[in-house]
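Just follow the structure's listing: the first ligand is 1, and inside any ligand the first atom is 1.
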Amino acid sequence: MQTKYIFVTGGVVSSLGKGIISASIGKLLQARGYKVTIQKFDPYINVDPGTLNPYEHGECYVTADGFETDLDLGHYERFTDIRTTRNNSITTGRIYKTVIDRERRGDYLGKTIQVVPHITDEIKRRMLREDVKNEKPDFVITEVGGTIGDIESQPFLEAIRQLRCQLGRDVVCVHLTYVPYLKAADELKTKPTQHSVKELQSMGIQPDILVLRTERHLDDAMRLKVASFCNVELECVVQSEDMPSIYEVPVAMQRQGLDAAILRKIGIPVGETPAMLPWHDFLDKRRRASREVHVGLVGKYDLQDAYKSIRESLGLAGIYNDVKVCIHFVNSEEICADNVESKLRGMAGVLICPGFGQRGIDGKIVAAAYCRTHDIPTFGICLGMQMMVIEFARNVLGYKDADSAEMSHDTHHNVIDLMEEQKDITQMGGTMRLGAYDCELTKGSRACKAYEGKTKISERHRHRYEFNNSYKAEYEARGMKCVGINPDTNLVEIVEIPDLRWYIGTQFHPEYSSTVLHPHPLFMSFIKELINS
Ligand code: GLN
């Protein structure tokens, strides 16, 4: 089959869940046996989101091939089990960088470089995904970040308009808008949707399908009104009501025939509706899970999206263990030795979050000490693992000034240190240890057991600093074991204290590879331990 292109845009307001809708479309088409890839175009100028503060853009997600991307790629992977790459996440900055580098090389010699056609051509080239041509995807789903009407989105919309002209029925445009409910009038309002579609039409794009985000059910009369005002067929007006979980969205979309509408628009026979049994089993399990287990999330960003993949991974592992994981954010900046007990009271387990910089690390160290000495199951991820290591050095090995070279340049005990290769790096963007690296597990270790006896794994990284191997023997002698080692570089990737119930720190980020149908083994093992308490 000739590759088809689905574009997902959004209007009225941001945060409507375009990423979830795009991921759901991907899931539904996959369920019909199609080969799908999903990508995100973000209109901001940063070359990638790697240098963005989580307050700006939530979590930075990392692909296996080592690219720092938008958190929506996490939704894509969790929903579809597709492994995304650096080519699935594009920003305006990246587009301009490619064009400007080419201009400097002299590739356009003699030409004036302009937004149209040079920037739009580069956008189109990436939208067409020539790089995966050999894999012959049936569908390329492209989500465009931002909201219709933003100045910075315009080149992307122009590229879509051109592609639609070029490819005709091989392109389908899905537009997501918002239908607000006005309490005082007790009415749902479609005017913002009408305006948003008008705006899109003024750019030469007629949406084929509208997905209306709403907090209240839209009746058929309302859908008909939108359909006729916006020039869209009635069965192509779908509503996306608030759901108890984002994982209900694919099923709700299938029920309303979103995937069938896409196929019809393209001219592909719709066929049977797939049963999606594993997905339904998962949802049933989720609905049934009533026992609660409480986990303290020790981090510095009091913001849902900042630890998105960790939150999802904990929740998914809970569902597969028939429990509802209640996550309690504990601000590490507010934790001190005097209050740690009350801050962590009632938590069956604690997860110490990743992060960068000094802010909030003292609280993480205090939390690690409390959990270690009170045998509370603890999962440290990246900076969280580094804080476990520092705490152990200070309080068990007796090196009171033990620290990470990231936090203190003059510590005598740099138990977490900068790798030689990192020392001359001056550029901040994209220069960390990024992406998937192999790791060998010690047979019989708790980590190895969590991975069901596997001794060779591969996990994704995003950090600059590492466990300092010159202290390894001392750690091991005193009870903190280095049970995951990179076979090529000898770097320590996992530490654990086998004498405790579950005290594991990973230098990598297991949360990036936990999916709905394949929850990550370490999260599974952590939750299992919490249930046993
Ligand atoms: N700041 C630490 C480092 O660069 C940890 C990074 C992280 O937690 N992702 O090594």
Using distance alone, decide if ligand 1 has a nitrogen or oxygen within less than 3.5 Å of any nitrogen or oxygen in Leu383. yes

Do Ile381 and ligand 1 have an N or O pair less than 3.5 Å apart? no

Could you check [atom] against the protein and tell me its nearest heavy-atom contact, residue, atom and distance included?
| atom | answer |
| --- | --- |
| atom 2 (C) of ligand 1 | Glu406 OE1, 3.2 Å |
| atom 10 (O) of ligand 1 | Tyr465 N, 2.8 Å |
| atom 6 (C) of ligand 1 | Gly355 O, 3.3 Å |
| atom 4 (O) of ligand 1 | Arg464 N, 2.9 Å |

Can you name the nearest heavy-atom pair linking Tyr320 to Val516, along with the distance? OH-O, 2.6 Å

Check: [X]/[Y] side-chain N/O donor and acceptor closer than 3.5 Å:
| X | Y | value |
| --- | --- | --- |
| Glu312 | Tyr247 | yes |
| Thr142 | Arg129 | no |
| Glu59 | Ser309 | yes |
| Asn88 | Thr69 | no |

Glu143/Lys40 salt bridge by N-O under 4.0 Å criterion: yes

Arg478 charged N/C atom sitting above Tyr399 aromatic ring, 6.0 Å / 45°: no

Is His509 in contact with ligand 1, taking contact as a heavy-atom separation below 4.0 Å? yes

Does Gln386 reach ligand 1, in the sense of a heavy atom lying below 4.0 Å from it? yes

Any idea which of His461, Met385, His463, Arg462 brings a heavy atom closest to atom 9 (N) of ligand 1? Arg462

Looking at non-hydrogen atoms alone, which of Cys382, Cys353, Gly357 comes nearest to atom 7 (C) of ligand 1? Cys382

